[in-house]
Amino acid sequence: MTRLALRNLFQSRARLAISVGGVALALMLILALDAVLGWIERRVTAYIDASQADIWVSQEGVRNMHMASSSFSSSLATGVARVAGVESVTPILYLTNVVEAGAERTVAYVIGLPDGARAGMPWIIRSGRANPGRDGAVIDQGIAEASGIGLGDTVEILGEEFEVVGLSGGTGSLTNSIAFISGRDFADLLANPRVASYLLVRLGPGASAREVARRIEAQVRGVTAQTREEFAAQERRVVRDMSTDLMAIMNLVGFLIGLAVMSLTVYTATLGRRSEYGVLKALGARNRDLYLTVGVQALVSVALGLVVGLTFTLALAQIMPLLSSNMGLELRLQALGKAGAAALLFAGAAALLPIRQIRELDPALVFRRK
Amino acid sequence: MGTSTLQVIDVTRRFGSGATEVTAVRGVSLNIDPGEVVLIMGPSGSGKTTLLMMLGALLKPTEGTIRLNGQVISDLDEGQLPVVRLRQFGFVFQDFNLLSALTALENVALVAGLAGRKNGQARQKAQELLVQLGLGERLGFLPEKLSGGEKQRVAIARALVNDPAILFADEPTANLDSKIGHEIMRLLRAIAKEQGRSVVIVSHDQRIKDIADRVLWLEDGEFKEMTTMVTDPVCGMSVEKEKAAAQLEWNGSLYYFCSRGCRSEFLEQQQAEANAGAGHPKPVSEPDPAG
């Protein structure tokens, strides 16, 4: 019966193409959406991941950067530096603001870096220098290209003009980018030179980040200390929480498209071979033999759809960065599992109606004249 | 119980109920012996197909009993009937009903596989049968590439692959030309005689009568005597001599017709052919239309 199922499937090439294409499209929607979010999540934490800080210290109760505000006296850095295991402390300033480059206005995380920063610097420099220095700014290369500006040009950040002294890589995403200016310029703009947003702590050899973070919280009042991994995880959680509803809706749309296409094609395929199933019943095939045929057809269709969908998503993941440095896809194993589960559901649900059709099929119909 | 392969005892089949009830088969009894070729004929709507479906365990009788090799099969439930059909019966259909996606070999092997044969054994058996039936060169052909006669031989091979006790053939020659149709019928007779299988054929085809051991006439759901049946020379229908709508003596022969229209048509044809004036039609004993 498996042979019959496969022959039936591949005999109607157009129907197979529609079925596989529909499933591929639906699964690609699920996979690609998750991959986009995966990429955004990674980009959102790119600065944290590449900061070289082992511990992030923030205002008490603040656990991430995105849509958060952290502010405390920079003098706390001295207290943190005294904690056993701490090798260096880099206070940074941070605000979400707009970078105006030429006619373009883009949302950016603006980072104020102190002179001689030991952490938190731009980690990839495409051209120019990493340290912005007084009146200088390092901006994302993708933003600069999109705005048509380069080194030596002027951008407006926090309402002030800065000269572009460096172009960074890996600092842009679909929604925003990261711009670096000097901590002193930043403090001047805030009119408060003794303030910091976060302290980036590097540890001495052999020190445990988790243990040192616990000590910081115990010894320095008014701060929250987290390992870099914990801080990044909090950041990702915020993005994920914000996108959960969207993900659910898009997954549902993808699922419904796939289900509709699969159900329709498996149903019409069964309907088209109704008389043949009747013949098989008349010849002595049991219902379960025929269910197997329908089931195999549905399973093979979705398996092919999954392969095609995955192939296209992988291809898209290769093509996207070529189109723009601020776009990308990151395929995640859990998304593959989700797509696989969706595919199985497609197959199962799509086979239900035809199975009912077959169950009710009267084998005596073979004696009815065509 | 006797030695009959199939025993049909007072079988009735009704459809619908109340005012819409129709009795398709009425109190039919029949014994079919091993190696016997039984031809069931009758006008359209006479109940032939309904009877065939009941004999083939595709339809349950409303009343009566059907026994296969002594075992009552008319009482079996739906879950048990597929096994009976698969192992005891073979079916040959008017439209061949081969699976279009499978080759000739696969069509036959599939049914062997359904009966539990392993793939290799099923294909071996299917190949042997197809070669025996002269289709050795057509094993890998899809049905669409086969002629009508070849398709019907594949269908016969498929019907035989599980060594059934009985073959049921529903209008097996209807879609074949007369030469191929005759070959198929000779083949079915050979199967009956050489392999000892019973063959039950339902057909309108008068030519099949030659190969049948027994011809039964079913009309209004009941068997009627076949000895009084004659064939209308125009439409080919079998009609009872005594109830023929019209008769005509022509050149010394007596013809019987199902209707006056057929008689008139016959007369016109003969007169056209006998334009030279050689023939002298002489109508005789036209029955009263009311009677």
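First the proteins, then the strands, lettered A, B, ... as listed; each starts at 1.
Within the 4.5 angstrom heavy-atom criterion, no atom of Leu81(B) approaches chain A. There is no contact between Glu78(B) and chain A, counting heavy-atom distances below 4.5 Å. Contacts between Thr103(B) and chain A at a heavy-atom distance below 4.5 Å involve backbone atoms as well as side-chain atoms. There is no contact between Leu59(B) and chain A, counting heavy-atom distances below 4.5 Å. Heavy atoms closer than 4.5 Å to chain B are found in both the backbone and the side chain of Asn8(A).
Within 6.0 Å of the OH atom in Tyr291(A), the count of heavy atoms belonging to other residues, nucleotides or ligands exceeds 12. By the 6.0 Å contact criterion, CD on Glu137(B) is open, its count of non-hydrogen atoms from other residues, nucleotides or ligands being 12 or less.
For the pair Leu114(B) and Leu283(A), the minimum side-chain heavy-atom distance is 4.5 Å or more. The shortest distance between side-chain heavy atoms of Leu102(B) and Glu276(A) does not fall below 4.5 Å.
With Arg87(B) contributing its side chain and Gly284(A) its backbone, the two residues share no donor-acceptor pair below 3.5 Å.
Atom CZ in Arg286(A) sits 7.0 Å away from atom CG in Leu86(B) (nearest 0.5 Å).
Of the listed residues (Ser100(B), Gly56(B), Gly113(B), Ala159(B)), the greatest number of heavy-atom pairs within a distance under 4.5 Å of chain A belongs to Ser100(B). The choice from Leu99(B), Leu110(B), Val84(B), Asn119(B) that makes the most heavy-atom pairs within less than 4.5 Å of chain A is Leu99(B).
Closest heavy-atom contact between Pro363(A) and Leu58(B): CB-CD2, 3.6 Å. Between Pro82(B) and Ala285(A), the shortest heavy-atom contact is CB-O, 4.3 Å.
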Name the atoms and distances for all side-chain donor-acceptor pairs under 3.5 Å in residues 347-359 of chain A, with sequence neighbours left out.
none

